[in-house]
Each structure stands twice: as structure tokens, then as C-alpha cells.
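Comments concern the structure below.
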Amino acid sequence: MYDLLSTTTSWPSVIENTRLFVAFGGIPLKNGQINSGGVGRHIQRESITKAAEAGIEFVNISPIRGDMDRVVKAEWFAARPGADVAILLGIAYTLYTHGLHDQRFLEHYTVGFERFLPYLLGQTDGVEKDSEWASGISGLPAGDIEMLARRMASTRTMISVSWALTRQDHGEQPFWAALAVAAMLGQIGLPGGGIGFGYSATNSVGDQAGRLKSTALPQGKNAVKDFIPVARISDMLLNPGGSFEYNGQQATYPDIHIVYWAGGNPFHHHQDLNRMVKAWRKPDTVIVHEWSWNALAKHADIVLPCTTPLERDDLAFSPRDPYVIAMQKVSEQLGQCRNDYEILSGIAKVMNREDEFTEGRSAANWIRWIYNTTRERAGKQGVEMPDYETIQRDGWYKVPAPKDNIITLAAFCQDPQKHPLSTKSGKIELFCDQIDGFNYDDCLGHPSWMEPCEWLGNATAKYLLHLISNQPVTRLHSQLDHGSHSRQSKINGREPMTINPKDAAQRGLTTGDVVRIFNDRGACLTGVIIDDQIRSGVIQLSTGAWFDPQEPGVLGSLCKHGNPNVLTMDKGTSRLAQGPIAHSCLVQVERYTDNLPEVTAFEPPEIEPPESSMSDKVRG
Ligand SMILES: Nc1nc2c(c(=O)[nH]1)N[C@H]1C(S)=C(S)[C@@H](COP(=O)(O)OP(=O)(O)OC[C@H]3O[C@@H](n4cnc5c(=O)[nH]c(N)nc54)[C@H](O)[C@@H]3O)O[C@H]1N2
Ligand SMILES: Nc1nc2c(c(=O)[nH]1)N[C@H]1C(S)=C(S)[C@@H](COP(=O)(O)OP(=O)(O)OC[C@H]3O[C@@H](n4cnc5c(=O)[nH]c(N)nc54)[C@H](O)[C@@H]3O)O[C@H]1N2
Ligand SMILES: [Mo]
């Protein structure tokens with residue numbers, strides 16, 4: 001996955017060669033601010049601006065117009081959320097029935113097209129996946145879908161699929177269907193053509209960057225072999241001994257007694273937080289490392305206060321960004337907090353395992369070790385990194401960019417025998433025997449349209465607004481929601497929710513109102529923004545407002561602050577990947593007329609003076 005992401009066709013290749021850029025879920029610049037491991041230099045805005053200046057036509061297929069920056073003057077196809085597979089199949093059908101597909105590419109670089117085709121043509125299920133059919137599902141005019149297919153075949157086209165499209169029922173399918181369309185167009189491996197997974201999902205996607213495989217802190221061997229896909233945590237806690245399927249395997253949920261959580265906030269990221277609250281009662285003890293008094297800390301028995309990245313010397317260094325930064329702490333550690341490494345070393349010491357855990361190295365020594373071993377590896381790849389003292393003095397180093405523009409699957413397309421893919425066939429699999437062999441009814445052997453469990457096309461649905469809970473503009477997930485930047489975005493202290501004027505009028509809403517969003521899983525309060533840049537029938541509420549139940553511990557209690565995950569469903573994408581499906585979520589909205597409860601999400605705990613709460617021995 002990361003090899004594919006780090007070889008996304010780079011923006012320079014797009015700017016020089018692409019003529020048409022079709023983006024499912026847009027190219028949201030808000031997301032390109034970050035990168036795991038840090039960002040040395042932001043490249044997304046300048047890249048998309050140059051692409052616009054180069055005259056590239058952009059198509060934004062998304063319920064939200066703002067997913068594409070105004071500078072590109074994109075055509076906006078405001079499709080129903082969750083209908084992308086149908087649109088893509090409609091495009092594939094048009095390409096095939098008009099002879100616009102690249103037979104040579106399909107033969108050389110893919111397997112299984114002949115087994116996907118009968119499905120596309122309706123021979124297996126009696127449903128032709130033509131543009132009329134796709135129109136009925138997506139709400140886009142059939143003519144637009146057909147025209148788009150013809151345009152894509154007539155010029156150098158890049159397809160982008162936002163990562164958000166995984167976070168829905170059957171979220172594996174949009175990527176596979178888009179890959180099928182890209183393969184049919186035959187432009188994969190060509191400059192500025194083919195497919196990219198999520199331009200601007202992070203800063204690194206599309207960066208023309210030199211990248212190094214950095215050494216990581218050794219993690220030892222975990223004696224525990226049980227595992228779960230992370231999105232199945234409530235299932236696991238609620239069903240010890242129960243079985244689940246994942247990627248062709250059947251496994252058993254362990255019986256968990258202790259939860260130890262360091263990094264990540266399940267009361268932010270997990271779906272159906274009420275179910276999560278219930279599941280959280282199962283373990284005997286919950287221990288967390290946190291630097292903020294958020295919902296995770298409030299739901300823990302023991303909170304070990306840890307440092308923020310601003311309080312420690314470190315290396316900002318990842319195989320995704322070309323910049324290596326020697327980070328120096330901005331502030332001394334506050335109060336009794338410690339670095340995660342110190343906390344864990346301290347625990348290892350009490351367990352008489354300190355030497356095995358630390359291998360005799362302090363955090364500072366590890367940083368030097370990681371840097372030096374990476375530098376050694378880089379040297380073998382012909383990259384001369386400065387020595388440790390020099391980077392500490394200079395502050396940073398940039399890995400040189402490759403001379404040739406990066407192009408997805410370039411080597412494979414030059415010589416598929418010499419550079420096979422890691423699939424069984426070594427090729428792009430439009431029908432996958434392995435997946436087919438799992439016999440899953442929720443993930444067939446080829447890309448396919450399956451109706452999501454909740455979506456606007458469900459005629460019998462009880463709630464008629466589709467909730468998109470995408471990534472927030474003013475923070476990273478839930479982090480620093482208590483900071484001034486995030487707080488200034490709130491309306492009456494609540495997280496803002498965007499609704500189309502038509503839907504707002506039906507409910508008698510005006511901008512600035514506080515509303516209750518609800519469904520059978522939960523309810524939350526949010527502030528209203530009315531905007532015609534969102535598709536009618538869809539509302540948008542970013543993730544990350546700190547969970548703030550009106551009656552803590554009472555299941556289904558109203559979240560006073562606007563965390564969308566009290567509304568989302570806790571179900572896997574399919575038995576294949578078991579990913580989360582936050583975006584398959586229907587809700588209702590009504591004006592909130594009761595007295596507004598105070599938002600208490602950011603209230604700190606009462607802290608006893610250290611003298612009375614801890615003996616010297618414990619503190620030592
Ligand atoms: N500012 C900021 N940046 C971030 C993050 C953050 O929290 N804050 N998080 C980072 C992380 S971890 C990740 S994974 C990436 C995520 O990157 P993305 O997945 O790109 O993020 P989202 O903003 O959730 O989704 C992009 C857009 O997809 C659209 N969308 C949703 N459902 C559908 C659908 O069914 N069909 C179509 N066509 N469009 C749909 C939504 O309108 C949404 O705005 O962002 C990263 N960048
Ligand atoms: N509804 C909905 N839900 C979603 C998504 C969505 O689009 N919609 N997106 C999903 C996605 S893509 C993602 S990646 C997840 C993100 O979910 P998470 O990664 O769980 O979210 P964060 O808020 O970033 O949680 C990070 C936590 O780690 C703490 N922390 C920060 N630095 C340190 C440190 O150095 N040490 C320790 N010990 N702790 C630290 C922070 O205080 C914070 O509480 O959310 C997922 N959930
Ligand atoms: Mo993510």
C-alpha cells in the first residue's frame with residue numbers, strides 16, 4: 001500500500017501531461033496540510049494552482065463543492081454519497097459498448113477482464129450497468145456520465161479517489177472499480193494518466209519527492225498472536241470468544257481484561273460511540289497515555305500524562321516526506337508528564353525488563369541510532385546524508401528528488417515480467433481468484449455495486465439526510481480541539497454543521513441556530529451553517545469535536561458538543577477488510593428548542609496537590 005502511495009504520479013507529471021482530472025471526493029486541500037511523520041514543505045496548493053494555470057479541466061464528483069479548491073474552477077457533479085461504484089460502472093459500460101477501451105492494455109497488464117465483463121453487461125445478474133442505471137443510483141444525469149466517459153477516453157486523464165470512499169459500506173469497491181476504469185482507459189504508466197489514490201489526502205500524495213526507508217524503533221516480538229482489525233474493537237470487547245472473518249481468515253475475539261492505549265483516541269475515531277461506551281465497561285482496567293483531558297482520558301482508570309511533540313527532542317522523519325528535521329523541544333516537560341518512551345521504560349524497569357526494553361539506550365541515544373542506521377542505508381542507495389552532528393547543527397536535510405517525474409506503476413508498465421506486482425498473477429486483477437475463493441457475498445471476485453446499508457437511495461429509510469463526517473479543517477482529528485483555532489470555528493460552542501438551503505428551509509433553520517442531529521443510534525447538538533455548496537439531502541459535520549455526553553455513563557445520552565460518531569454505524573466494510581463505514585449514515589435534523597446545555601468537553605479534571613495524592617516513593 002505504501003509503495004503504491006509513495007509512487008503516486010507526481011504533480012509535475014500531472015501539470016505537464018494531464019488534460020482532464022476526474023476526482024471522486026475532490027482534492028481537498030484542507031487535508032494536505034498533514035503527513036504522518038511530519039511535513040517539510042506544503043506542496044498541494046501550489047501544485048493544484050499550477051495545474052489550473054496549465055489549463056487542465058477538473059471534475060469534482062462529490063457531495064461537497066468545496067472538496068475542490070475554487071482556483072481550478074471544477075465542474076461539480078453532486079452525486080449521492082456512496083454511489084461512486086455505480087458511476088464508475090456506468091463509465092466502464094460506456095467505454096466498452098462504444099469500443100473506447102484499450103484492449104492491448106487489458107491483455108498485457110491485467111487479468112480477469114473477461115470475467116468482470118459479463119457482470120458489467122448484465123449477463124450474470126440481468127442488470128446492464130449502463131449510464132441510465134448509474135443515473136438512477138447516483139442522481140447524476142445519464143448524459144453526463146456518458147459524456148464524461150467519452151471525454152476520459154479522448155484525452156490524457158487522471159482519476160483520483162479520495163480515501164474517504166473507503167469509509168463506507170463496501171468501501172473496498174470504489175477503488176477497485178476506479179482501477180478497472182483506469183485499466184480500460186489504458187493510461188496507467190503514462191505521464192499524467194491513470195489513477196492516483198487520494199491526491200491531497202495528505203501532503204505526500206503526488207509529491208515529486210525523494211523518499212528513504214527510515215529505520216524504526218525495534219518493536220521486539222509480540223508473543224500474543226491474536227489480532228483484530230482496529231475497527232472491530234467494540235465487537236471484540238462485547239463478544240469475547242465470538243468469531244469474525246477477515247481477509248479470508250476466520251479468527252476468534254479474545255477475552256480482554258486490560259486495555260492499554262497510547263496514541264489514538266477511540267472516543268474520537270470509533271463509530272457508534274454509545275455502543276463503544278457499553279463495550280468499554282467490559283475490561284477490568286483501562287490505562288492510557290494522554291496529554292489532554294479528552295474523552296479517552298475521562299474513560300480511563302489510569303491516565304499517564306505524556307508529553308506533546310513540542311516537549312521533546314526528536315527526529316521528524318518518515319518514508320513519505322523528503323525532509324528530515326532535527327526537532328528541538330520548544331518547552332520543558334510540564335508538571336509530571338513524561339515521554340511515552342520514559343513511561344514504558346519505567347514500567348519495564350518495575351518488571352525487571354529494563355535492559356531488554358531499552359537495549360541500554362536513552363531516548364536521545366535511540367534518536368542517534370535511528371538516524372545513523374538510516375544514514376548508512378541511504379548511503380548504500382547512493383544518498384549522502386549529513387552526519388548526526390551536522391543535521392543537529394543545520395536543523396534539517398532534504399532528500400534529493402528523483403530527476404524523472406514519478407509515475408504510478410511505471411516499472412511494471414515498462415516490463416510486467418521483470419517488475420510484476422505483488423498479486424498472485426503479478427498483474428492488475430480485475431477478477432481476483434483469491435478473493436472469489438473466500439466466497440463472500442459482501443465482496444465478490446470483481447468490482448461490483450452493492451447497495452449500502454444506509455444511503456439516500458433507500459426508499460424505506462426512516463431518516464432522510466445523509467451525514468458526511470469528513471476530516472476537520474481546523475484540527476487533526478480530535479487533537480487540539482480545545483485550542484483557540486478550533487474553538488473559534490464553533491457556533492454557540494458547538495461544532496458547525498453545513499446544510500443545503502432547501503433542507504434548512506424545510507426545517508425552518510437559519511445560520512447560527514443550534515440543532516439536534518439524531519438517529520436510532522444517538523444524538524448530538526451542532527451549530528448551523530447554511531450553504532448551497534453542499535448537495536441537497538446531505539449534511540456535513542466534521543469529525544473531532546470532543547465527545548461530551550449530557551449524562552456521562554448513560555447510554556444514548558445527547559452529545560452536547562457535536563461528535564458525529566454518536567450517529568455513525570459500527571459495522572465492517574465487508575468481511576474482506578473490516579474497515580469502518582462512517583460515511584454510510586442517515587440522520588434527521590431538527591431545531592433545538594430546549595435550554596442549551598453548557599459544553600463541558602474542555603473542562604479539566606480537579607487536580608489534587610501532588611503532596612496529598614502521592615507518596616514520595618510512588619513519585620520516585
Ligand atoms: N485538516 C486535516 N487534514 C487531515 C486530517 C484531519 O483530521 N484534518 N486527517 C488526515 C487523515 S488521517 C486522513 S485518512 C486523510 C483523509 O483524507 P480524505 O479521505 O480525503 O478526507 P475526507 O475529508 O474525510 O474526505 C474527502 C471528501 O470525500 C467526500 N466524500 C465522502 N463520501 C463520499 C462518497 O461517498 N462519494 C464521493 N464522491 N465523495 C465522498 C467528502 O465530501 C469529503 O470532504 O486526511 C488527513 N488530513
Ligand atoms: N466519523 C468518522 N470517523 C472517523 C473518520 C471519519 O472520516 N469519519 N476518519 C477515521 C480516520 S481516517 C482516522 S486516521 C481516525 C483518527 O483517529 P485517532 O488517530 O484516534 O484520532 P486523534 O484525535 O488524532 O487521536 C490521537 C490521540 O493521541 C494523543 N496524542 C498525540 N500525541 C501523542 C503522543 O506523543 N503520545 C501519546 N501517547 N498520545 C499522543 C492525542 O491527544 C489524541 O487524543 O479517525 C477515524 N474516524
Ligand atoms: Mo486516517
Side-chain angles (χ1 to χ4, degrees), residues 23-36 60-68 77-85 87-88 138 160-169 171 174 197-203 205 230-231 261-273 288-297 304-312 314 337 339-341 343-344 452 455 466-482 486 498 534-535 538 540-544 546 563-569 579-585:
F24 292 83
I27 305 176
L29 294 184
K30 68 179 170 66
N31 294 347
Q33 306 304 304
I34 66 103
N35 206 26
S36 53
N60 177 24
I61 302 177
S62 169
I64 299 171
R65 184 170 221 154
D67 282 337
M68 200 78 100
F77 284 27
R80 271 183 188 145
D84 303 274
V85 173
I87 300 168
L88 285 156
S138 64
S160 175
V161 195
S162 274
W163 298 357
L165 274 67
T166 65
R167 293 176 218 115
Q168 55 176 291
D169 204 13
F197 297 101
Y199 279 89
S200 199
T202 66
N203 187 63
V205 181
V230 68
W261 204 295
N265 174 3
F267 286 86
H268 156 69
H269 70 234
H270 203 62
Q271 280 54 66
D272 198 348
L273 287 180
V288 307
H289 294 194
E290 255 303 343
W291 48 250
S292 51
W293 196 251
N294 57 14
L296 174 63
L304 299 166
C306 66
T307 53
T308 69
L310 297 176
E311 295 162 282
R312 53 191 186 234
D314 207 341
C337 72
N339 295 338
D340 293 287
Y341 183 70
I343 296 174
L344 294 166
W455 71 303
H466 192 121
L467 172 70
I468 293 295
S469 51
N470 56 354
Q471 308 294 353
V473 179
T474 55
R475 55 183 179 261
L476 177 64
H477 313 134
S478 70
Q479 297 187 55
L480 297 178
D481 190 31
H482 56 313
S486 184
T498 306
I534 187 162
R535 186 195 198 280
V538 180
Q540 181 271 338
L541 172 65
S542 297
T543 57
W546 285 7
N563 185 317
N565 279 328
V566 298
L567 302 158
T568 53
M569 194 195 295
I581 64 158
H583 291 315
S584 296
C585 180

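Both backbone and side-chain heavy atoms feed into the values below; hydrogens, waters and symmetry mates do not. Since the structure is predicted, the reported quantities are computational estimates derived from the model, not experimental observations. Atoms within a ligand are numbered from 1 in the order they appear, just like the ligands themselves. One-based numbering along the sequence shown.
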**OP:** Say whether, by atom type as modelled, one donor and one acceptor occur between the side chain of Asn294 and the main chain of Ala297 under 3.5 angstrom.
**Re:** yes
**OP:** Report yes or no: does Thr308 contribute a side-chain atom to a donor-acceptor pair with the main-chain N or O of Leu310 at less than 3.5 Å?
**Re:** yes
Should [X] be listed as contacting ligand 1, given a heavy-atom distance under 4.0 Å as the test?
{"X": "Arg80", "value": "no"}
{"X": "Ser62", "value": "yes"}
{"X": "Gly82", "value": "yes"}
{"X": "Gln168", "value": "yes"}

Close approach of [X] to ligand 2, heavy atoms, under 4.0 angstrom:
{"X": "Arg475", "answer": "no"}
{"X": "Pro564", "answer": "no"}
{"X": "Leu296", "answer": "no"}
{"X": "Gln271", "answer": "yes"}

How far is [atom] from its nearest protein heavy atom, and which residue and atom is that?
{"atom": "atom 23 (O) of ligand 2", "result": "Ser478 OG, 2.5 Å"}
{"atom": "atom 27 (C) of ligand 1", "result": "Asp67 OD2, 3.4 Å"}
{"atom": "atom 47 (N) of ligand 2", "result": "His269 O, 3.0 Å"}
{"atom": "atom 25 (O) of ligand 2", "result": "Asn265 N, 3.3 Å"}
{"atom": "atom 19 (O) of ligand 1", "result": "Ala164 N, 2.6 Å"}
{"atom": "atom 40 (C) of ligand 2", "result": "Trp291 NE1, 3.6 Å"}
{"atom": "atom 13 (C) of ligand 2", "result": "His477 NE2, 4.1 Å"}
{"atom": "atom 38 (N) of ligand 2", "result": "Asp340 OD1, 2.8 Å"}
{"atom": "atom 29 (C) of ligand 2", "result": "Glu290 OE2, 3.5 Å"}
{"atom": "atom 10 (C) of ligand 1", "result": "Ile34 CD1, 3.6 Å"}
{"atom": "atom 2 (C) of ligand 2", "result": "Thr543 CG2, 3.1 Å"}

Original post:
Looking at Phe267 and Ala295, what are the two nearest heavy atoms and their distance?
Top reply: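 Looking at all heavy atoms of both residues, the shortest contact is CB-CB, 3.6 Å.
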**OP:** Measure across Asp169 and Ser584 and return the closest heavy-atom pair with its distance rounded to 0.1 Å.
**Re:** N-OG, 2.8 Å
For ligand 1, indicate whether the residue [X] contacts it via side chain, backbone, both or neither (heavy-atom separation under 4.0 Å).
{"X": "Gln33", "result": "neither"}
{"X": "Asp84", "result": "side chain"}
{"X": "Asn470", "result": "both"}
{"X": "Leu165", "result": "side chain"}
{"X": "Gln540", "result": "neither"}
{"X": "Pro472", "result": "both"}
{"X": "Ile468", "result": "side chain"}

How about [X] and [Y]: do any of their side-chain heavy atoms sit closer than 4.5 Å?
{"X": "Pro63", "Y": "Arg80", "answer": "no"}
{"X": "Pro174", "Y": "Phe24", "answer": "no"}
{"X": "Met569", "Y": "Asp272", "answer": "no"}

Hey, does [X] come in under 3.5 Å of ligand 1, counting only N/O atoms on both sides?
{"X": "Ala201", "value": "yes"}
{"X": "Thr202", "value": "no"}
{"X": "Ile61", "value": "yes"}

Original post:
So among Pro28, Ser62, Ser200, which one has a side chain to side chain contact (heavy atoms under 4.5 Å, CB included) with Ser162?
Top reply: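 Going through the options one by one, the only one that passes is Pro28.
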Ignoring hydrogens, just give me the one of [options] whose non-hydrogen atom is nearest [atom].
{"atom": "atom 1 (N) of ligand 2", "options": "Asn565, Leu344, Thr568", "value": "Asn565"}
{"atom": "atom 16 (C) of ligand 1", "options": "His583, Arg167, Arg65, His466", "value": "Arg167"}
{"atom": "atom 7 (O) of ligand 2", "options": "Ala582, Ser469, Ser36", "value": "Ser469"}

Subject >> Distance filter under 4.0 Å to Leu476 heavy atoms, resulting ligand 1 atoms >> reply: 5 (C), 6 (C), 7 (O), 8 (N), 9 (N)
